[in-house]
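What follows is a set of notes on a single structure, which appears directly below.
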Amino acid sequence: MIQYPVKADTILFLKYLVNAVKPFARAHSVVLTFQSEHKDFHASYHPESISSNLIQLLCRVITFTPQNQKVKLTAKLSQTQDQAYLKLLIENTGVNLGRVREIISQLSLPVIVHDKEDYQTIFEIRWYLEVPIEPIPAGITTISHPPDNVRSFHSEVRKRMSLNLNMPGHRMTLLESQKPKEAIFLQKVNAMILAHLGDESFDTNHLAQSMAISRMQLHRRLKPLIHQAPAQYIRDTRLAKAKEMIEKEDLTLGEISYKTGFQSQSHFTRTFIKKYGVRPSAYRKGK
């Protein structure tokens, strides 16, 4: 079905998208804010052209941002020779996410990553508008309720905010009900491990650094939740992902060992046997 653009306030649209994501940010103990150097921008646009990418990118940045840190969306008006666009900047504090490839993977719009500082990153999306921006005449009041095209995306926002981070369902459910802040912390740990799965050098020190806490703090908070040392948890996560790849993907064992961060296929095989009691090749034949 052909989708026709609607002429509306793009800033108001962005505000309501951010407000829809704020409950997700609060659950992750992350402060989410919106900022614009202009009060309003009226232009013709397709809401679906930006909402899906922006929601996914916001939620991914929030997921990887340490607790008690901030994420901010800033909208700035820019223009090429023949077309205006809004430069949308998503900035986080607490950790540099520039090397976390999963954050920008499989988005239909290009994302420019700026490594601002050691503990900050900026993700840039350019939202090109279909007609030049026209200012609202003086004395006209902007609407104070979300337009229909914004409401229609709130359900889409909720759908995209569910995360499955490789944690046994019953254990995570129990943790979420009893210690929700620790459940969020563990989700972030899982996300960081999976984001660096193919990096064989990613160890406890790197995990602590990516969580913006000390190695001692990581050990103190994580061990009561997983009942094992963080290094062993990283290894077991690699093995669980490798086991999943054997079951679901048409990859060689060498490719799987590389993608899950093992030094060599022989090292992967020894570790797999120690954990599961069977060779990876035998497991593949018997699955």
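Count residues from 1 along the sequence.
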Is it the case that more than 12 heavy atoms not belonging to Q209 sit under 6.0 Å from its CD atom?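 Not more than 12 within 6.0 Å, no.
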Could you tell me whether F34 atom CZ has more than 12 heavy atoms of other residues or ligands within 6.0 Å of it? yes
When you compare the side chains of Q56 and S52, does any donor N or O come within less than 3.5 Å of an acceptor on the partner? yes
Hey, does the side chain of [X] reach the backbone of [Y] with a donor-acceptor pair shorter than 3.5 angstrom?
| X | Y | answer |
| --- | --- | --- |
| E182 | L225 | no |
| H114 | E124 | no |
| N53 | S108 | yes |
| R238 | F268 | no |
| T204 | P230 | no |

Is the distance between the ring centroids of F262 and F272 less than 6.0 Å?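 Between F272 and F262, which both carry aromatic rings, the centre distance is not below 6.0 Å.
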Hey, which of K274, K241, K275, K243 is the one that makes salt bridge (charged side-chain N to carboxylate O under 4.0 Å, His left out) with D236?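 Considering K274, K241, K275, K243, a salt bridge (charged side-chain N to carboxylate O under 4.0 Å, His left out) with D236 is found only for K275.
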Geometric class of the W127/Y45 ring pair [parallel <30°, tilted 30-60°, perpendicular >60°]: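 Perpendicular, since the angle between the ring planes exceeds 60°.
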Taking side chain as C-beta onward, heavy atoms only, is [X] less than 4.5 Å from [Y]?
| X | Y | value |
| --- | --- | --- |
| M192 | V189 | no |
| E102 | T63 | no |
| K181 | Q67 | yes |
| L12 | D40 | no |
| L14 | L54 | yes |
| T33 | K70 | no |
| V95 | K188 | no |
| K7 | S44 | yes |

All side chain to side chain contact (heavy atoms under 4.5 Å, CB included) counterparts of K259, not counting sequence neighbours: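 Here the qualifying residues are M245, L251.
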Counterpart residues, side chain to side chain contact (heavy atoms under 4.5 Å, CB included), relative to T65 (two or more places apart):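 Result, side chain to side chain contact (heavy atoms under 4.5 Å, CB included) vs T65: V30, V61, Q69, V71, N92, L97.
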